[in-house]
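Just below is one structure, and these are the notes that go with it.
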Amino acid sequence: MTDAPQLKLFNSLNRQLEPFVPVHEGEARVYTCGPTVYNYPHIGNMRAYVFADVLGRTLSWRGYKLTHIINITDVGHLTDDADAGEDKLEKTAATQKQSIWDIAEHYTKAFKDDISALNIRQPAQWSVATDYIAEMIDFAKQIEPKHCYQLESGLYFDVSTVEDYGRLARAVTEEGEGRIDTVEGKRNAADFAIWRTTPAGETRQMEWDSPWGRGAPGWHLECSVMGGKLLGFPFDIHTGGIDHREIHHPNEIAQNQAYCGCGGLDDAAHSGAKIWMHNNFLVERSGKMSKSSGEFLRLQLLIGKGYHPLAYRMMCLQAHYRSELEFSWEGLGAALTRLKRMVMAVEQLKNRHAELVSASSEQPEPFVQEAGWTLKQVQGDDWGKIAPAIEKFQAALADDLNTSIALTALEEALTIKKVDPAQKLRAVAAMDAVLGLGLLDLARTDLRIRPKDAVITDDHITSAIAFRKELRAQQNYAALDRQRDELTAKGVEVMDGDPLGWEWKLA
Ligand code: AMP
Ligand code: ZN
């Protein structure tokens, strides 16, 4: 086996691939901007966490001790990413006539359910913004004298006080500037609120006392504070969706520079993190991803229509995280089929392995290792004919997490002939430790999910299919046709001779 190439990641700050060199030897510290829990996440939001999960798994796989933080934004995110509009949670609570805390709890749980369904590993900590208000006030006090000014509506950050403001976003567009400049008295259009003081005569459900009056923190402040407090500046990698590259992260960076008294961004570490990574968007042309569109594309909607959630993870892995990915039901169906093929191949390997075990008097080696695979173990194993596929896999990952090529390497490993099934299963375990498709745990039947509105039970279908086999044995083609029509009327499509051995699907 050749050595794995060095891990290179695309740093949005410098717009180039850079080698990953940890700040603390042997460790990787990663902060991922979490969800704003005022509504259910849509599947586009979940793409951001599948990406962060693959990054985290890759770092663990490469042997780094990973500390991954994902925050939960339960205060401060306005309906516009800049300082316009209302707090998203305050607005939802008012519309739904519920307490903000109940709203946050409900949608945090829904988010975590989606995280589990997508096999996204739990971070070291879910940091909840409202648990860090005192730290946010301390941070703001420290940067205030040199970098902030107060207006009636709150404390503002003067972006002209730090070098290279906006470098991450590259171009501050006129449209962007126009959108931002909504508060009278701001010194620069891009200045942003650190603390939003509650207007006189109003109360908010969430507000705290501060030196700048009763109010609530700005959204950008939260992430600076939690990242710095939990990981220490500078940490290794900060992630988020590509929209965060434009406003949220440039503002976080400016605050971090102010806090650490750092200079310009030619030294990326002055930004608070050495590497800033952004996933591109999942797009859907008809607008079904907009949370204001009624029934929007949530993971639960996909499951309700009979798609296993890991088919969506597969769909994400098929594209590079920096490419835009277009959602379509056909695309999701194709991803499910690909997952089914892999699961079937692994099931066959497991059966073959079990046969060999029962026929042998010796205790064969187990193929799954509890601790999860690391690159070191992979390098230390003798892969024989599978070695080229493993090498391709590690090269793909090292090249800015190219999961789409990594998936083909896994498929190639599965198709190599005359290899001990235990060894192939080890290769699957080693690769799936990063891809996270759960290939060794899934059974073919797990992938068949009943759509919510299906009118026929699984038992009924199973007995109908068994009866079909009897009819075929009797060569009773007329009855076979009739039965197919009856099943079709109940929403079941019979798939005689399906190469995957998938005998039916719900139409
Ligand atoms: P939010 O809850 O709005 O703060 O978003 C949570 C995460 O989802 C952030 O990292 C966003 O950048 C990301 N995100 C939002 N929309 C999409 C999308 N359509 N595709 C991929 N990521 C997205
Ligand atoms: Zn953030």
Side-chain angles (χ1 to χ4, degrees), residues 7 9 20 22 26-35 37 41 43-72 108-128 226-227 230-231 235-241 273 275 277-279 299 303 308-318 321 339 342-343 346 368-378 393-394 396-398 400-403 406-407 410 428-442 446:
L7 175 62
L9 300 171
F20 176 73
E27 279 193 50
R29 302 186 187 182
V30 180
Y31 184 93
T32 293
C33 282
V37 285
I43 54 171
N45 295 135
M46 297 317 293
R47 185 181 187 200
Y49 305 103
V50 170
F51 150 64
D53 183 52
V54 171
L55 171 67
R57 284 171 179 267
T58 302
L59 291 163
S60 300
W61 193 77
R62 292 195 63 113
Y64 297 106
K65 180 178 164 287
L66 174 72
T67 310
H68 191 179
I69 304 292
I70 305 181
N71 75 285
I72 301 287
T108 301
K109 182 180 176 305
F111 172 72
K112 289 185 182 172
D113 288 347
D114 285 3
I115 288 280
S116 309
L118 288 168
N119 271 358
I120 294 170
R121 297 194 310 181
Q122 293 285 324
Q125 193 174 329
W126 296 106
S127 60
V128 180
M226 291 185 279
L230 298 170
L231 299 174
F235 51 86
D236 294 297
I237 304 173
H238 195 311
T239 83
I275 300 186
M277 295 178 75
H278 297 95
N279 63 280
L299 195 64
I303 297 170
H308 194 280
L310 293 172
Y312 178 63
R313 184 175 176 107
M314 171 68 94
M315 192 178 186
C316 292
L317 298 179
Q318 289 180 159
Y321 75 89
L339 182 61
M342 285 188 189
V343 168
V346 173
V368 188
Q369 302 190 10
E370 269 182 23
W373 281 83
T374 62
L375 181 64
K376 206 162 153 206
Q377 282 168 283
V378 171
F393 181 83
Q394 39 189 49
L397 279 184
D400 196 27
L401 315 178
N402 196 328
T403 47
L407 279 170
L410 171 55
V428 172
M431 298 191 200
D432 201 41
V434 178
L435 297 171
L437 289 167
L439 294 174
L440 288 162
D441 303 323
L442 278 174
D446 296 333

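This is a predicted model, so every value here is computed, not measured. By convention here, the first residue in the shown sequence is residue 1.
The closest side-chain donor-acceptor pair between Tyr64 and Asp236, if any, does not fall under 3.5 angstrom.
Shown here for Arg57 and Ala433, the closest heavy-atom pair between the two residues is NH1-O, 3.0 Å. Nearest heavy atoms, Pro309 versus Leu299: CB-CD2, 4.0 Å. A pairwise comparison of heavy atoms in Gly436 and Asn119 identifies O-ND2, 3.0 Å as the closest pair. Here the closest non-hydrogen pair linking Ala52 and Thr32 is CB-OG1, 3.6 Å. Counting all heavy atoms, side chain and backbone alike, Leu59 lies closest to Ala28 at CD1-CB, 3.9 Å. Taking every heavy atom of both residues into account, Leu7 and Leu397 meet most closely at CD1-O, 3.7 Å.
Counting heavy atoms from C-beta outward, Leu55 and Tyr321 have side chains that stay 4.5 Å or more apart. Using a 4.5 Å heavy-atom threshold, the side chains of Ser60 and Arg121 count as touching. Taking 4.5 Å as the limit, some side-chain heavy atom of Leu407 sits within range of a side-chain heavy atom of Met342. Looking at heavy atoms from C-beta onward, Met277 lies in side-chain contact with Ile275 at the 4.5 angstrom threshold. Looking at heavy atoms from C-beta onward, Lys376 lies out of side-chain contact with Arg62 at the 4.5 angstrom threshold. Proximity of Thr58 to Leu401: side-chain heavy atoms (C-beta onward) are separated by under 4.5 Å at one or more points. Contact of the Ile69 side chain with the Met226 side chain is not registered, since no non-hydrogen atoms from C-beta on lie closer than 4.5 Å. Taking 4.5 Å as the limit, every side-chain heavy atom of Leu440 sits out of range of all side-chain heavy atoms of Asp432.
The salt bridge (charged side-chain N to carboxylate O under 4.0 Å, His left out) check on Asp446 picks up nothing, with sequence neighbours excluded. Considering only residues two or more places apart in sequence or on other chains, Asp114 meets the salt bridge (charged side-chain N to carboxylate O under 4.0 Å, His left out) condition with none of them. Scored by the salt bridge (charged side-chain N to carboxylate O under 4.0 Å, His left out) test, Arg47 finds no partners at all (sequence neighbours excluded). Under the rule for a side chain to side chain contact (heavy atoms under 4.5 Å, CB included), the partners of Thr108 that lie at least two apart in sequence or sit in another chain are Val37, Ile72, Lys112. Under the ring-ring contact (aromatic ring centres under 6.0 Å, His included) criterion, His278 pairs with His249, not counting sequence neighbours. Residues satisfying the ring-ring contact (aromatic ring centres under 6.0 Å, His included) test with Phe111, not counting sequence neighbours, are Tyr49, Trp126.
If you take CG on Leu118 and SG on Cys316, they are separated by 7.5 Å, rounding to the nearest 0.5 Å. Once rounded to the nearest 0.5 Å, the distance linking CG of Leu437 with CG of Leu435 reads 5.5 Å. Taken to the nearest 0.5 Å, the CH2 atom of Trp61 stands 15.0 Å off from the CG atom of Leu66. Between atom OG1 of residue Thr403 and atom CG of residue Leu317 there is a gap of 5.0 Å, rounded to the nearest 0.5 Å. For the atom pair CE of Met315 and CD1 of Ile43, the computed distance is 7.0 Å after rounding to the nearest 0.5 Å.
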- Hey, mind stepping through His238 and Cys33 against side chain to side chain contact (heavy atoms under 4.5 Å, CB included) and telling me if it holds? CA-CA 8 Å; His238 195 311; Cys33 282; 3.5 Å; yes
- Item | Full working for side chain to side chain contact (heavy atoms under 4.5 Å, CB included) between Arg313 and Asp53 | CA-CA 11 Å; Arg313 184 175 176 107; Asp53 183 52; 2.8 Å; yes
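Remark: the backbone N or O of Val434 is not paired with any side-chain donor or acceptor of Trp373 at under 3.5 angstrom. Side chain of Arg29 to backbone of Thr67: no donor-acceptor contact under 3.5 angstrom is found. No donor-acceptor pair closer than 3.5 Å links the side chain of Tyr31 to the backbone N or O of His68.
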